[in-house]
Peer 1: 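Take a look at this one; I'll ask things after.
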Amino acid sequence: MSDKKRIETICVQGGYTPKNGEPRQIPVYQSTTFKYDTSEYMGKLFDLEASGYFYTRLQNPTNDYVAAKLCELEGGTAAMLTSSGQAANFYSIFNIANCGDHVIAMTTIYGGTFNLFDVTMRKMGIEFTFVKPDITEEELDKLFRPNTKAVFGETIANPACVVLDIEFFAKVAHKHGVPLIIDNTFATPVNCRPIEWGADIVTHSTTKYIDGHGVSVGGAIIDGGKFDWNKYEDKYPGLTTPDDSYHGVVYTERFGLGGAFITKATAQLMRDFGSIQSPQHAFYINLGLESLHVRMKRHCENGLAVAKFLKNHPKVKCVTYCGLEGDAGYELGKKYLPNGSCGVLCFEVKGTRKDAETLMKNLKVAAIETHVADARTCCLHPASATHRQMNDEQLIACGITPTLIRYSCGIENAQDLIDDLSQALDKI
Ligand SMILES: *Cc1c(COP(=O)(O)O)cnc(C)c1O
């Protein structure tokens with residue numbers, strides 16, 4: 001029997017193996033602080049010479065059990081939890097890019113991440129170039145500069161549902177000596193493992209499918225351990241030259257390529273910014289992970305059933321779901337998401353903004369929420385909610401049509417979702 005377990009088994013049992021007489025479920029270490037017998041030993045912890053816990057702002061055993069499970073699921077070498085998906089994406093870039101550096105990111109990324117990059121991190125002196133996911137290699141090549149430090153995209157873009165050609169972006173990023181960072185929130189490691197396709201760093205908003213029950217905000221970063229920081233020594237001095245705040249430790253030397261990125265992010269960014277996940281919430285995230293493989297299957301079945309129904313409905317103009325034959329993302333979906341993508345789809349009703357509002361008003365099973373990727377079906381009409389200040393022309397300019405609806409299939413009965421949509425469409 002091979003030691004390497006399959007995804008379903010890792011979802012349930014990964015990251016924590018109790019010894020004789022120990023708790024079956026992961027214990028919640030509800031403690032800010034850890035006690036040591038001697039100052040000498042504690043000194044070693046502070047110099048990163050010994051491993052151990054001293055303060056929960058940096059690390060906590062409960063968090064580390066859950067991070068270890070996510071690490072195993074994604075096929076990485078090291079991982080950490082963060083307080084939110086926003087913190088995870090911020091750390092993933094800020095760990096290797098400083099003031100004066102440059103990053104290439106997709107235009108299709110989640111609005112919160114776009115804002116973080118384009119407004120807040122720009123203020124910190126990091127420049128971003130946004131590119132369409134269907135950019136050619138020739139066009140992409142031209143955008144790399146000597147100070148480019150990373151390429152960033154989402155496996156399945158939220159909310160446009162565009163599937164990213166991970167292998168292509170990994171190849172081009174590596175040609176220019178920079179890592180590819182992939183936000184794998186919508187696909188989850190159950191449906192896609194970006195590291196297997198060449199990605200170097202994977203991030204998550206665990207708030208979505210991984211929690212899945214709408215109970216805890218969280219994030220995670222997983223390092224694939226394959227990017228050779230030493231080969232581009234001048235480009236990543238934070239990883240390859242001494243860190244004075246830890247008695248001159250060189251992360252790549254002390255922790256190897258597999259451990260350098262996460263150790264630096266923990267030792268510096270977590271220490272200074274403190275966006276730590278609380279151990280209680282890490283426990284909730286683990287409960288979500290235990291059923292992730294079962295839920296994702298149902299999310300995908302419901303997603304496909306609802307997408308097929310909408311595609312054939314006379315009042316629906318178009319549907320975006322990569323599981324649908326003929327969808328723009330169908331071929332990439334077959335390659336990267338052979339077992340299904342997720343439960344989120346987008347569709348446009350025929351008619352005006354008002355018609356979409358009528359549909360929304362009449363839905364009874366699907367709830368109106370800004371949230372997505374939850375056990376309960378939820379939906380959003382950006383033109384009357386998140387983007388309501390914009391007129392039709394402004395909406396179209398940012399890729400959102402006035403009748404676009406984002407619909408996130410939960411794990412209820414598919415026919416109930418279809419019946420609900422059917423009666424609401426009849427009201428238009
Ligand atoms: C929600 C989301 C985020 C942000 O995560 P939070 O946990 O809300 O901070 C980042 N990326 C994607 C793809 C998301 O859907």
Side-chain angles (χ1 to χ4, degrees), residues 63 66-67 70 74 80-94 103 105-121 128 130 133 150 152-164 166 180-192 194 199 201-222 269 273-278 281-282 284-285 288-289 292 296 299 303 320 322 329 336-337 341-346 369-375 378-380 382 385-386 399 406-410:
N63 292 13
V66 183
L70 276 164
E74 289 286 5
M80 68 198 286
L81 297 189
T82 57
S83 56
S84 66
Q86 289 296 103
N89 284 331
F90 172 58
Y91 282 21
S92 76
I93 301 279
F94 202 61
V103 172
M106 302 306 129
T107 48
T108 45
I109 55 175
Y110 168 68
T113 313
F114 188 86
N115 205 64
L116 166 69
F117 290 176
D118 197 42
V119 180
T120 303
M121 291 184 79
F128 287 83
F130 293 96
F152 183 98
E154 293 171 2
T155 311
I156 306 170
N158 174 11
C161 295
V162 178
V163 183
L164 192 74
I166 300 172
L180 175 65
I181 304 173
I182 293 288
D183 180 332
N184 197 30
T185 297
F186 270 19
T188 82
V190 170
N191 283 340
C192 181
I201 310 289
V202 171
T203 63
H204 280 282
S205 164
T206 60
T207 318
K208 314 293 164 55
Y209 287 119
I210 288 178
D211 163 11
H213 299 77
V215 298
S216 63
V217 173
I221 309 173
I222 300 104
L269 302 184
F273 293 108
S275 325
I276 192 80
Q277 181 55 279
S278 86
H281 282 202
Y284 297 142
I285 289 165
L289 281 169
L292 182 65
M296 285 313 287
H299 281 296
T320 308
C322 74
Y336 294 107
L337 305 151
S341 53
C342 64
V344 183
L345 52 93
C346 291
E369 292 173 19
T370 54
H371 194 42
V372 275
D374 187 74
C378 48
C379 57
L380 182 77
T386 48
R406 182 183 70 188
Y407 190 91
S408 168
C409 297

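Each ligand, and each atom within it, is numbered from 1 in the order the structure gives. Just so it is clear, the structure is predicted and the values come from calculations on it, not from any experiment. Scope of the values below: all heavy atoms of this structure, side chains included, with no hydrogens, waters or symmetry mates.
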Peer 1: Distance-only, no hydrogens or angles: does the S205 side chain make a donor-acceptor pair with backbone N or O of T185 under 3.5 Å?
Peer 2: no

Peer 1: Quick check on contacts: which atoms of ligand 1 are under 4.0 angstrom from a heavy atom of E154?
Peer 2: 13 (C)

Peer 1: Students should be able to answer this: which protein heavy-atom is nearest to atom 12 (C) of ligand 1, and at what distance?
Peer 2: D183 OD2, 3.5 Å

Peer 1: Answer side chain, backbone, both or neither: which part of I109 comes under 4.0 Å from ligand 1, heavy atoms only.
Peer 2: neither

Peer 1: Atoms of ligand 1 less than 4.0 Å from Q86 heavy atoms?
Peer 2: 4 (C), 5 (O), 6 (P), 9 (O)

Peer 1: With no hydrogens and no angle check, is any side-chain donor or acceptor of Y209 less than 3.5 Å from a backbone partner on G343?
Peer 2: yes

Peer 1: Could you tell me the residue and atom name of the protein heavy atom closest to atom 14 (C) of ligand 1, and the distance to it rounded to 0.1 Å?
Peer 2: K208 NZ, 2.9 Å

Peer 1: Of all the non-hydrogen atoms in the protein, which one sits nearest to atom 6 (P) of ligand 1, and at what distance?
Peer 2: G85 N, 3.4 Å

Peer 1: How would you list, by chain and number, every residue that makes a ring pair (Phe, Tyr, Trp, His ring centres under 6.0 Å) with F117, sequence neighbours excluded?
Peer 2: F128, F152

Peer 1: Quick check against the 3.5 Å criterion: does Q86 have a side-chain atom that pairs as donor or acceptor with the backbone of L116?
Peer 2: no

Peer 1: Applying side-chain hydrogen bond (donor to acceptor under 3.5 Å, both in side chains), name anything that partners S275, two or more places apart in sequence or on another chain.
Peer 2: Y91

Peer 1: Could you tell me whether the side chain of N63 and the main chain of Q277 form a donor-acceptor pair under 3.5 Å?
Peer 2: yes

Peer 1: Looking only at protein heavy atoms, identify the closest one to atom 5 (O) of ligand 1 and say how far it is in Å.
Peer 2: S205 OG, 3.0 Å

Peer 1: Does G218 have a non-hydrogen atom less than 4.0 Å from ligand 1?
Peer 2: yes

Peer 1: Within the structure provided, determine whether V66 and T206 are in side-chain contact (heavy-atom separation under 4.5 Å).
Peer 2: no

Peer 1: Distance under 4.0 Å to a non-hydrogen atom of N158: what atoms of ligand 1 satisfy this?
Peer 2: 14 (C), 15 (O)

Peer 1: Could you tell me the residue and atom name of the protein heavy atom closest to atom 7 (O) of ligand 1, and the distance to it rounded to 0.1 Å?
Peer 2: T207 OG1, 2.6 Å

Peer 1: Need the ligand 1 atom indices (1-based, order shown) with element for anything under 4.0 Å from a heavy-atom of T185.
Peer 2: 12 (C), 13 (C), 15 (O)

Peer 1: Mark yes or no for whether N191, through its side chain, and L337, through its backbone, hold a donor-acceptor pair below 3.5 Å.
Peer 2: no

